[in-house]
J.: 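Got a structure for you, questions after.
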Amino acid sequence: AEKPNIVILATGGTIAGAGADVTNSATYQAAKVPVDQLVAAIPQLQTIANVRGEQVFQIASESFTNDNLLTLGKRVAALVKQTDVDGVVITHGTDTLEETAYFLTLVVHTDKPIVLVGSMRPGTAMSADGNLNLYNAVSVAASKDARGKGVLVTMNDEINSGRDVAKVINLKTEAFKSPWGPLGMVVEGKNYWFRLPVKRHTMNSEFDIEKIDSLPSVGIAYGAGNVSDTAYRALGASGAKAIIHAGTGNGSVAKAVVPALQEMRAQGIQIIRSSHVNAGGFVLRNAEQPDDKYDWVVAHDLNPQKAKILAAVALTQTQDSKELQRIFWEY
Ligand SMILES: NC(=O)C[C@H](N)C(=O)O
């Protein structure tokens with residue numbers, strides 16, 4: 001049988017990082033090694049697929065911007081339309097990998113596998129995790145059984161849904177978890193699936209990267225004890241079209257913050273309540289705050305940074321808070 005054709009789009013991150021010494025697992029520079037070198041380091045890739053690399057960016061992912069998301073999204077969308085491309089792998093820093101994975105889930109219309117991958121240690125370190133993660137990513141992207149499952153993330157032998165996976169711990173190689181568990185495992189080039197995403201994604205999404213040329217500004221402000229409304233008001237004054245409340249617990253909002261959010265909603269800014277609890281928040285309408293009365297939106301199970309991505313994408317299409325809430329339930 002002919003080998004599938006896989007394109008690796010490289011964007012930087014620790015998987016392209018380099019340290020001064022093999023003992024440097026945490027002290028290193030991200031985004032140093034070019035994609036051809038990453039591919040050449042794993043000759044076994046060519047036994048599972050015809051692999052070629054493209055350097056899209058060379059940046060640490062904490063510096064990803066909306067422009068980077070749009071450029072990458074448009075490149076992925078163009079590639080998956082090509083009959084000579086069977087799957088796309090994206091090497092990415094881990095800090096915002098969960099945002100890019102969700103963004104692509106929302107805006108790229110394809111059933112071809114799109115797999116994001118990073119590493120927690122640079123390739124120069126002892127027990128570097130990048131090569132195995134990348135081998136796993138290519139093997140998942142090259143397999144027919146990965147089709148139609150939405151954008152995927154392969155880290156630490158797990159296959160997670162790009163929708164809900166998040167970086168939950170730093171330094172450890174077991175850094176990525178979904179609150180609802182992995183979709184499967186990849187072991188020695190074979191996939192073992194256990195569940196499927198039910199939220200709308202890729203080919204069933206109403207959003208399309210080919211129709212999106214800019215994303216509105218969406219800000220995140222963090223709830224904690226003794227919080228004031230300063231950050232919230234500053235975001236509103238800076239022109240944010242939506243504010244994600246990274247709330248305590250159930251997305252609860254401190255008394256000191258509620259009036260500012262009511263005022264900003266009256267000015268047309270969307271207020272979206274999410275939760276910053278570590279293992280996965282889940283915010284319900286009218287629990288903790290009267291969302292119907294205030295015309296606020298809840299982020300469902302999306303963490304604040306994923307809620308930011310969905311809000312930005314949704315606001316390219318609607319300014320209606322009820323529509324926005326529908327979208328938050330469906331995606
Ligand atoms: N492990 C990593 O990739 C972290 C790095 N700061 C990045 O996101 O680019």
Side-chain angles (χ1 to χ4, degrees), residues 8-39 41-42 53-73 75-76 88-105 114-138 140-141 151-160 162-178 182 220 246 276 278 303-306 308-309:
I8 300 182
L9 297 179
T11 72
T14 298
I15 194 164
D21 189 83
V22 292
T23 57
N24 290 125
S25 60
T27 314
Y28 57 86
Q29 279 191 291
K32 285 279 150 203
V33 182
V35 64
D36 291 343
Q37 210 173 310
L38 296 180
V39 173
I42 319 172
E54 246 179 67
Q55 193 77 48
V56 186
F57 318 117
Q58 188 63 293
I59 56 176
S61 73
E62 61 270 27
S63 300
F64 246 71
T65 62
N66 284 349
D67 280 348
N68 292 132
L69 284 179
L70 294 171
T71 302
L72 181 64
R75 186 66 194 127
V76 174
V88 174
V89 167
I90 299 159
T91 60
H92 199 294
T94 55
D95 288 351
T96 62
L97 187 149
E98 69 206 66
E99 296 185 31
T100 303
Y102 189 39
F103 178 72
L104 298 174
T105 295
I114 300 168
V115 184
L116 279 87
V117 62
S119 78
M120 297 305 292
R121 297 174 181 149
T124 46
M126 276 190 272
S127 292
D129 53 331
N131 280 4
L132 180 55
N133 286 346
L134 183 54
Y135 179 78
N136 285 342
V138 170
V140 170
V151 173
L152 302 168
V153 174
T154 56
M155 294 282 293
N156 201 42
D157 300 351
E158 287 185 359
I159 310 168
N160 272 284
R163 175 195 179 266
D164 37 48
V165 75
K167 186 175 184 176
V168 296
I169 195 162
N170 61 329
L171 293 182
K172 294 188 177 183
T173 52
E174 193 188 359
F176 280 76
K177 292 283 165 206
S178 159
I220 302 175
H276 67 58
N278 287 332
N303 70 21
Q305 54 274 30
K306 286 185 187 271
K308 178 197 68 174
I309 294 288

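In listed order, ligands and their atoms are each counted from 1.
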J.: Tell me, yes or no, whether the heavy-atom count around E174 atom CD, taken from other residues, nucleotides or ligands under 6.0 Å, exceeds 12.
T.: no

J.: Could you tell me whether the side chain of T14 and the main chain of M120 form a donor-acceptor pair under 3.5 Å?
T.: no

J.: Considering the options K306, Q305, H92, which one meets the side chain to side chain donor-acceptor pair (under 3.5 Å) requirement together with E98?
T.: Q305

J.: Could you identify the single nearest non-hydrogen protein atom to atom 8 (O) of ligand 1 and state the distance to 0.1 Å?
T.: S61 OG, 2.5 Å

J.: So which heavy atom on A141 is nearest to which on V88, and how close?
T.: CB-O, 4.3 Å

J.: Return yes or no for this condition: an N or O of D95 is under 3.5 Å from an N or O of ligand 1.
T.: yes

J.: Give the atoms of ligand 1, by number and element, whose distance to some non-hydrogen atom of A60 is under 4.0 Å.
T.: 9 (O)

J.: Rounded to the nearest 0.5 Å, what separation is found between the OG1 atom of T124 and the NZ atom of K32?
T.: 12.0 Å

J.: Against heavy atoms of G93, which atoms of ligand 1 measure under 4.0 Å?
T.: 3 (O), 7 (C), 8 (O), 9 (O)

J.: Report, in ascending order of atom number, the atoms of ligand 1 lying under 4.0 Å from any heavy atom of E62.
T.: 5 (C), 6 (N), 7 (C), 8 (O), 9 (O)

J.: Which ligand 1 atoms are under 4.0 Å away from a heavy-atom of T14?
T.: 1 (N), 2 (C), 3 (O), 4 (C), 5 (C)

J.: Taking only non-hydrogen atoms of S119, do any sit less than 4.0 angstrom from ligand 1?
T.: yes

J.: Could you find the nearest protein heavy atom to atom 1 (N) of ligand 1 and give me its residue, atom name and distance?
T.: T94 OG1, 2.6 Å

J.: Within the supplied structure, the quantity of interest is the number of heavy atoms (other residues, nucleotides, ligands) at a distance under 6.0 Å from D21 CG; does it exceed 12?
T.: yes

J.: Side chains of S178 and D164: any donor to acceptor distance under 3.5 Å?
T.: yes

J.: I'd like to check which ligand 1 atoms, numbered from 1 as shown, lie under 4.0 Å from a non-hydrogen atom of G13.
T.: 9 (O)

